[in-house]
Colleague: 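Structure incoming, see below.
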Amino acid sequence: MNISITLPDGSVLKKQAGATPAEVAAQIGAGLARDAVAARVDDVLVDLNLPLEQDCELSIITIDTPEGLQIMRHSAAHVMACAVGRLYEGVKFGIGPAITDGFYYDFDLPEAISADDLERIEDEMARIASEEAPFAREELPTEQASELMRENGQSYKVELIEEIEERVVSFYHTAGFVDLCRGPHIPHTGKLGALKLLSVAGAYWRGDEKNAQLQRIYGTAFATEDQLQEHIRRLEEAEKRDHRKLGRELDLFSFDEEIGRGLVLWHPRGAIVREVIEDYWKKLHRKRGYEPVFTPHIASEKVYLRSGHIPKYEDMMYAPLLIDEEAYRVRPMNCPAHIKIFQTGIRSYRDLPIRYAELGTVYRYEMSGALRGLLRVRGFTQDDAHIFCTPGQIVDEVEGVLDLTEEILGVFGLNYKFYLSTRPEVSLESASDEEWQRATEALRQALEARDLPYEVDEGAGAFYAPKIDVVPFDSLGREWEQGPTIQVDLNLPKRFDVTYVGEDGKEHECIILHRAILGSLERFMGEIIEHFAGWFPVWLAPEQARILPITDDQLPYAQEALRRLEGEGVRASVDDRNETVSYKIRSGTMQKVPYLLIVGAREVERGTVSVRSHENGDEGPVEVEAFVARITEEIKTKALPAEL
RNA sequence: GCUAGUGUAGCUCAACGGUAGAGCAGCGGUUUUGUAAACCGCAGGUUAGGGGUUCGAUUCCCCUCACUAGCUCCA
């Protein structure tokens with residue numbers, strides 16, 4: 001019997017029933033056959049050796065596509081598991097999926113795998129690859145599969161099988177290793193690309209800390225050795241940019257054991273960057289109709305009981321302080337205080353919207369293992385604001401925040417994506433479905449009114465609010481863990497009875513929007529240090545220009561130039577150390593000062609400075625005034641580096 | 001918090017049972033220098049902290065503290 005196979009280009013191939021995708025690929029071309037890893041038949045991913053029994057649409061998936069790479073990485077995970085099974089006794093296998101940039105596999109085994117063992121495992125994987133062992137699919141009734149795994153002592157697999165609803169499950173056999181797996185896989189182990197095992201770490205079975213902790217080995221794999229090397233280079237680049245390393249090298253911030261974990265000490269050079277950002281933020285917010293407020297860092301427990309923070313987040317809050325026999329808490333949030341300011345007067349609909357903004361420092365208990373440089377700390381400053389408005393004003397207000405968000409992220413040269421995060425499964429009950437719905441729709445409308453592409457992140461909202469989450473990604477294309485957020489609070493207006501007097505002279509429940517754009521100043525600083533690789537744009541650089549006199553004879557001239565720059569508000573210095581210019585250049589470069597101004601006898605004579613910029617290197621002499629004009633312009637416009 | 005790993009001078013690293021060492025940075029001197037490291041010298045350490053084993057511990061063992069990776073990405 002013949003079947004018709006429709007290819008992606010629309011052409012139709014007649015084949016005998018039982019032909020495989022591999023044969024089709026071979027018929028189309030040797031190159032395709034070589035790069036093929038799997039096939040898509042009528043929208044289902046299948047192995048290349050699956051016999052085709054009826055008319056179908058078929059496309060060959062090659063290693064150079066994202067899907068093909070994914071499949072190969074998944075196969076790599078199997079091969080790694082196979083290698084571990086050969087090298088260790090008593091291994092129980094967890095799961096082993098492909099992930100962004102690689103794969104992992106979780107193992108339960110009696111002995112601890114160390115980083116040194118990875119090489120051994122890699123070698124074993126290479127051996128398996130050279131065996132060109134086929135990935136053979138086998139389908140078994142669920143019962144029988146479960147029995148088989150039980151016999152092999154694979155309790156995790158048994159657990160997985162028992163949760164599968166289908167009556168038949170599939171297995172893959174590779175070089176003596178059998179694994180429960182949906183597939184598809186590469187045809188044989190010789191088709192593995194270039195791979196490298198990266199690290200080993202603990203991981204709870206099914207991500208639940210109540211379960212056993214398994215050993216997870218992470219690896220990365222690419223179609224070619226070049227691509228693998230390129231990826232390793234990217235990892236090294238990321239390591240070079242690590243904000244913790246740069247924070248030390250550039251003398252921006254530190255942590256101190258005696259001060260406490262997760263508590264940042266901002267050094268002068270880091271503090272100035274933060275202050276410049278804060279000044280920019282404050283000016284921008286006033287321009288946008290926000291009113292600055294200041295509120296205390298501790299407050300009576302009463303307010304956090306009423307707000308619901310204690311019932312919900314107590315394990316993230318610090319223990320009470322007893323003051324005059326009353327329990328106080330270090331603040332984990334700024335909202336209650338802003339609400340209290342709002343409530344000091346009767347608010348009319350005519351007063352709304354009211355926008356209170358504060359760079360509010362809050363303290364939260366983060367699990368010790370979660371702390372990470374500036375990205376996860378226990379004391380941090382939120383660029384927090386609360387917008388009090390009428391239901392009719394929500395869309396406008398959210399649009400305003402979106403606009404502000406785009407402006408701010410743009411200034412830092414960040415790209416971003418929008419997510420509409422909807423009601424989570426466990427969520428506030430005191431708000432009706434209709435209220436959730438309305439709030440979510442308002443956010444959606446705002447996104448659409450501004451024509452912003454967004455994805456819906458189902459169930460990712462806060463328990464008290466649907467929200468718009470903005471995920472920035474940096475110059476290395478890495479997504480930030482957290483970014484700007486806009487939330488419609490369905491909780492606090494009720495709990496604090498926040499109202500305004502409407503046109504009808506009656507009291508109405510107020511809408512409260514929470515929003516943070518930089519999020520935590522600490523995290524934001526950490527992220528942009530990495531984004532800029534420590535080379536801050538001139539307006540942010542702790543030291544914007546450094547004058548390097550060649551000999552002491554130029555010192556007076558250098559001082560004069562310095563006064564000129566400082567007079568314009570430029571952060572500059574003179575390197576008057578008894579060193580060679582080369583030394584001073586090196587030192588200025590390592591401290592990532594964007595402009596180095598060399599002054600020797602020639603410059604003094606002509607009233608110039610020789611500019612050496614980070615961007616262009618030696619640019620030659622320009623008149624002092626011309627340089628002052630240039631740098632002040634760059635500062636004023638917040639110019640970004642040409643290349644990030 | 002859990003699993004694994006790491007902790008030696010300000011920084012980057014040696015020494016791995018036998019008196020703790022180098023480079024850079026710092027300080028003092030010489031040199032007055034033209035686009036990424038001049039030369040000479042000096043100083044810098046309860047080897048994270050505590051306990052143990054040992055004739056002797058940075059090294060081996062235990063505890064504490066801190067740091068690092070991971071613990072979400074659905075066989």
Side-chain angles (χ1 to χ4, degrees), chain A residues 74 77-78 81 93-106 108 111-117 145 149 154 156-164 166 169-172 179-183 198-218 239 242 244-245 248-249 251 254-262 315 365-373 460 479 481 548-555 576-591 596-603 610-614 617-621:
Chain A
H74 183 195
H78 275 238
F93 298 95
I95 60 168
I99 52 173
T100 315
D101 290 338
F103 60 90
Y104 68 78
Y105 210 109
D106 288 343
D108 186 343
E111 60 190 293
I113 297 176
S114 77
D116 299 336
D117 296 331
M149 285 293 123
Q154 295 299 334
Y156 299 108
K157 296 295 178 188
V158 173
E159 190 178 327
L160 291 172
I161 292 169
E162 280 169 359
E163 284 174 21
I164 292 175
E166 285 96 271
V169 297
S170 56
F171 284 86
Y172 277 81
D179 200 3
L180 173 71
C181 183
R182 193 156 29 206
L198 297 175
S199 60
V200 53
Y204 297 105
W205 169 238
R206 324 203 88 178
D208 187 337
E209 61 187 4
K210 287 191 282 290
N211 290 338
Q213 193 158 33
L214 311 180
Q215 300 189 64
R216 174 174 298 179
I217 300 179
Y218 282 93
E239 204 173 315
D242 191 313
R244 291 165 294 194
K245 183 174 143 81
R248 193 169 46 236
E249 287 171 1
D251 198 14
S254 64
F255 293 90
D256 180 88
E257 224 179 285
E258 213 168 346
I259 296 286
R261 306 180 74 176
D315 49 353
Y365 174 76
E366 293 284 352
M367 288 200 298
S368 61
L371 301 175
R372 190 160 101 87
E479 287 194 355
E481 286 177 39
L548 316 182
I550 291 175
T551 75
D552 289 352
D553 292 345
Q554 290 89 46
L555 262 177
D576 57 6
R577 292 177 297 179
N578 178 9
E579 296 290 354
T580 61
V581 210
S582 289
Y583 181 90
K584 293 178 185 179
I585 286 172
R586 179 177 158 82
S587 147
T589 307
M590 306 240 284
Q591 286 174 53
L596 300 175
L597 308 174
I598 292 120
V599 298
R602 287 202 294 272
E603 285 77 10
S610 277
V611 176
R612 187 187 167 97
S613 68
H614 168 55
D618 187 356
E619 296 184 11

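Throughout, protein chains are lettered first and strands after them, A, B, ... in sequence-line order, and every chain is numbered starting at 1. Side chains are part of it too, since the values below use all heavy atoms of this structure and drop only hydrogens, waters and symmetry mates. Only a predicted model underlies this, so the values are computations on that prediction, with no experimental measurement involved.
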Colleague: In whole Å, what is the span from the CD1 atom of A:Ile259 to the P atom of B:A66?
Modeller: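 Roughly 14 Å, once rounded to whole Å.
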Colleague: So, using ring pair (Phe, Tyr, Trp, His ring centres under 6.0 Å) as the criterion, who are the partners of A:Tyr104 when residues are at least two apart?
Modeller: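 Scan of A:Tyr104 (ring pair (Phe, Tyr, Trp, His ring centres under 6.0 Å), adjacent residues dropped) gives A:Tyr218.
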Colleague: Could you walk me through whether A:Leu160 and A:Ile95 pass the side chain to side chain contact (heavy atoms under 4.5 Å, CB included) test, one step at a time?
Modeller: CA-CA 9 Å; A:Leu160 291 172; A:Ile95 60 168; 3.9 Å; yes
Colleague: Can you check each nucleotide of nucleotides 58-65 of chain B against protein heavy atoms at under 4.0 Å and return B for base, S for sugar-phosphate only, - for none, in 5' to 3' order?
Modeller: -------S
Colleague: Roughly how far apart, to the nearest Å, are B:A15 and B:U33 at atom P?
Modeller: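 It comes out at 44 Å once rounded to the nearest Å.
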Colleague: Would you kindly give the CG-to-P distance between A:Asp576 and B:U32, to the nearest whole Å?
Modeller: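 So the CG-P distance, A:Asp576 to B:U32, works out to 18 Å.
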Colleague: Rounding to an integer number of angstrom, what distance separates B:U64 and B:A4 when you compare their P atoms?
Modeller: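 Rounded to whole Å, the distance is 14 Å.
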Colleague: For the pair A:His74 and A:His78, evaluate side chain to side chain contact (heavy atoms under 4.5 Å, CB included) and give the outcome as yes or no after the intermediate values.
Modeller: CA-CA 7 Å; A:His74 183 195; A:His78 275 238; 3.6 Å; yes
Colleague: On a whole-Å scale, what distance lies between the P atoms belonging to B:U58 and B:C74?
Modeller: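 Going atom to atom, P in each nucleotide, I get 48 Å.
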Colleague: Determine whether A:Leu597 and A:Val611 make a side-chain contact, defined as any pair of heavy atoms from C-beta on separated by less than 4.5 Å.
Modeller: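 Yes; the side chains approach each other to less than 4.5 Å.
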Colleague: Mind listing the N/O atom pairs, protein and nucleotides 8-12 of chain B, below 3.5 Å?
Modeller:
from	atom 1	to	atom 2	distance (Å)
B:U12	OP1	A:Arg248	NH2	3.1

Colleague: Under 4.0 Å between any heavy atoms, over every strand shown, what does A:Ser114 touch: base, sugar-phosphate, or nothing? Just pick one.
Modeller: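 If one applies the 4.0 Å heavy-atom cut-off, A:Ser114 turns out to touch nothing in the nucleic acid.
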Colleague: Nearest whole Å is fine: how far is B:G26 C1' from A:Gln591 CD?
Modeller: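 Spelled out: CD on A:Gln591 to C1' on B:G26 is 14 Å.
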Colleague: Starting at CG of A:Asp106 and ending at P of B:A4, how long is that distance when rounded to a whole Å?
Modeller: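 The distance from CG of A:Asp106 to P of B:A4 comes to 15 Å, rounded to the nearest Å.
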Colleague: B:G41 and B:G7: how far apart are their P atoms, nearest whole angstrom?
Modeller: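 So the two P atoms sit 32 Å from each other.
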Colleague: Applying side chain to side chain contact (heavy atoms under 4.5 Å, CB included) to A:Tyr156 and A:Phe93, what does each step give before you reach the verdict?
Modeller: CA-CA 7 Å; A:Tyr156 299 108; A:Phe93 298 95; over 6 Å; no
Colleague: Counting primed atoms plus P, OP1 and OP2 as sugar-phosphate and everything else as base, spell out the protein contacts along nucleotides 70-75 of chain B at 4.0 Å heavy-atom distance: B, S or - for each nucleotide, 5' to 3'.
Modeller: BBSSSB
Colleague: Say we look at B:U59 and B:G23: how far apart would their P atoms be, to the nearest angstrom?
Modeller: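 Comparing P positions in B:U59 and B:G23 gives a spacing of 26 Å.
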Colleague: Please state how far atom CD in A:Glu366 lies from atom C1' in B:C2, giving the value in whole angstrom units.
Modeller: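 The answer, rounded to whole Å, is 16 Å.
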Colleague: Not counting sequence neighbours, which residues clear side chain to side chain contact (heavy atoms under 4.5 Å, CB included) with A:Glu162? List them please.
Modeller: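 Scan of A:Glu162 (side chain to side chain contact (heavy atoms under 4.5 Å, CB included), adjacent residues dropped) gives A:Ser146, A:Arg150, A:Val158.
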Colleague: Could you state the interatomic distance from CG (A:Leu198) to CZ (A:Phe103), rounded to the nearest 0.5 Å?
Modeller: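 With rounding to 0.5 Å, CG (A:Leu198) is 8.0 Å from CZ (A:Phe103).
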Colleague: Looking only at atom C1', what distance separates B:C24 and B:A9, rounded to whole Å?
Modeller: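 Taking atom C1' in both B:C24 and B:A9, they lie 12 Å apart.
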Colleague: Not counting sequence neighbours, which residues clear ring pair (Phe, Tyr, Trp, His ring centres under 6.0 Å) with A:Tyr172? List them please.
Modeller: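 Once residues adjacent in sequence are excluded, the partners of A:Tyr172 under the ring pair (Phe, Tyr, Trp, His ring centres under 6.0 Å) criterion are A:His185.
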Colleague: What is the separation between atom CZ on A:Arg244 and atom C1' on B:A69, rounded to the nearest whole Å?
Modeller: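 Whole-Å distance recorded here is 9 Å.
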Colleague: Kindly write out the residues that satisfy salt bridge (charged side-chain N to carboxylate O under 4.0 Å, His left out) with A:Glu163, not counting sequence neighbours, or none if the list is empty.
Modeller: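 For A:Glu163, the residues satisfying salt bridge (charged side-chain N to carboxylate O under 4.0 Å, His left out) (neighbours in sequence not counted) are A:Arg206.
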Colleague: Please give the distance between the P atoms of B:G51 and B:A69 as a whole number of Å.
Modeller: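 Straight-line distance between the two P atoms is 32 Å.
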Colleague: Can you give me the N/O atom pairs linking the protein to nucleotides 36-38 of chain B at distances under 3.5 Å, or say none if there are none?
Modeller:
from	atom 1	to	atom 2	distance (Å)
B:A36	N7	A:Arg612	NH2	3.4
B:A37	N9	A:Arg586	NE	3.4
B:A37	N7	A:Arg586	NE	3.3
B:A37	N7	A:Arg586	NH1	3.2
B:A37	N7	A:Arg586	NH2	3.3
B:A37	N6	A:Arg586	NH2	2.3
B:A37	N1	A:Arg586	NH2	2.9
B:A38	OP2	A:Thr580	OG1	2.8
B:A38	N7	A:Glu579	OE1	3.4

Colleague: Taking atom CD of A:Gln154 and atom CD of A:Glu159, what is their separation to the nearest 0.5 Å?
Modeller: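 If we round to the nearest 0.5 Å, A:Gln154:CD and A:Glu159:CD are 12.5 Å apart.
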Colleague: Could I get the full list of side chain to side chain contact (heavy atoms under 4.5 Å, CB included) partners for A:Asp618, not counting sequence neighbours?
Modeller: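 Listed in chain order: nothing, the list is empty.
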Colleague: Between A:Tyr365 and A:Gly373, which is nearer to the 5' end of RNA chain B once each is assigned its nearest nucleotide?
Modeller: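 Its nearest nucleotide lies further toward 5', so the answer is A:Tyr365.
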Colleague: Does a side-chain heavy-atom distance below 4.5 Å link A:Arg244 with A:Arg372?
Modeller: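 Yes. Closest side-chain heavy atoms under 4.5 Å.
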Colleague: Specify the closest pair of heavy atoms between A:Ala77 and A:Pro97, including all atoms of both residues, with the distance to one decimal.
Modeller: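 Heavy-atom minimum between the residues: CB-O, 4.5 Å.
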Colleague: What is the separation between atom CG on A:Leu555 and atom C1' on B:U32, rounded to the nearest whole Å?
Modeller: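 Checked: the CG to C1' distance equals 11 Å.
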Colleague: Tell me every residue that passes ring pair (Phe, Tyr, Trp, His ring centres under 6.0 Å) with A:Tyr365, counting only those two or more places apart in sequence or in another chain.
Modeller: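 With sequence neighbours excluded, A:Tyr365 shows a ring pair (Phe, Tyr, Trp, His ring centres under 6.0 Å) to no residue whatsoever.
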Colleague: Specify the separation, in whole Å, of atom CD of A:Gln215 and atom P of B:A69.
Modeller: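 Interatomic distance, CD of A:Gln215 to P of B:A69: 19 Å.
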Colleague: Out of curiosity, A:Leu548 CG to A:Ser587 OG, how far, rounded to the nearest 0.5 Å?
Modeller: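 Here the rounded value is 8.5 Å.
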Colleague: With C1' as the reference atom in both, quote the distance from B:C73 to B:G17 in angstrom, rounded to an integer.
Modeller: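 One C1' to the other, the span is 48 Å.
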Colleague: Yes or no on side chain to side chain contact (heavy atoms under 4.5 Å, CB included) for A:Phe171 and A:Met149, after CA distance, side-chain angles and deciding distance?
Modeller: CA-CA 11 Å; A:Phe171 284 86; A:Met149 285 293 123; 3.4 Å; yes
Colleague: Can you give the dot-bracket line for RNA chain B, where a pair is Watson-Crick or G-U wobble with both atom distances under 3.5 Å, crossing pairs use [ ], and | marks a partner on another strand?
Modeller: (((((((..((((....[..)))).(((((.......))))).....(((((..]....))))))))))))....
Colleague: Restricting to side chain to side chain contact (heavy atoms under 4.5 Å, CB included), what partner residues turn up for A:Glu579, sequence neighbours left out?
Modeller: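 Side chain to side chain contact (heavy atoms under 4.5 Å, CB included) check on A:Glu579 returns A:Arg577, A:Tyr583, A:Lys584.
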Colleague: Apply the side-chain hydrogen bond (donor to acceptor under 3.5 Å, both in side chains) test between A:Asp106 and each candidate in A:Arg216, A:Gln213, A:Gln215; give the one that qualifies.
Modeller: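 Of all the options given, the one that passes is A:Arg216.
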Colleague: Checking all strands, does A:Glu603 fall into the base, sugar-phosphate, or nothing category for heavy-atom contacts under 4.0 angstrom?
Modeller: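 Base, at least one base heavy atom under 4.0 Å.
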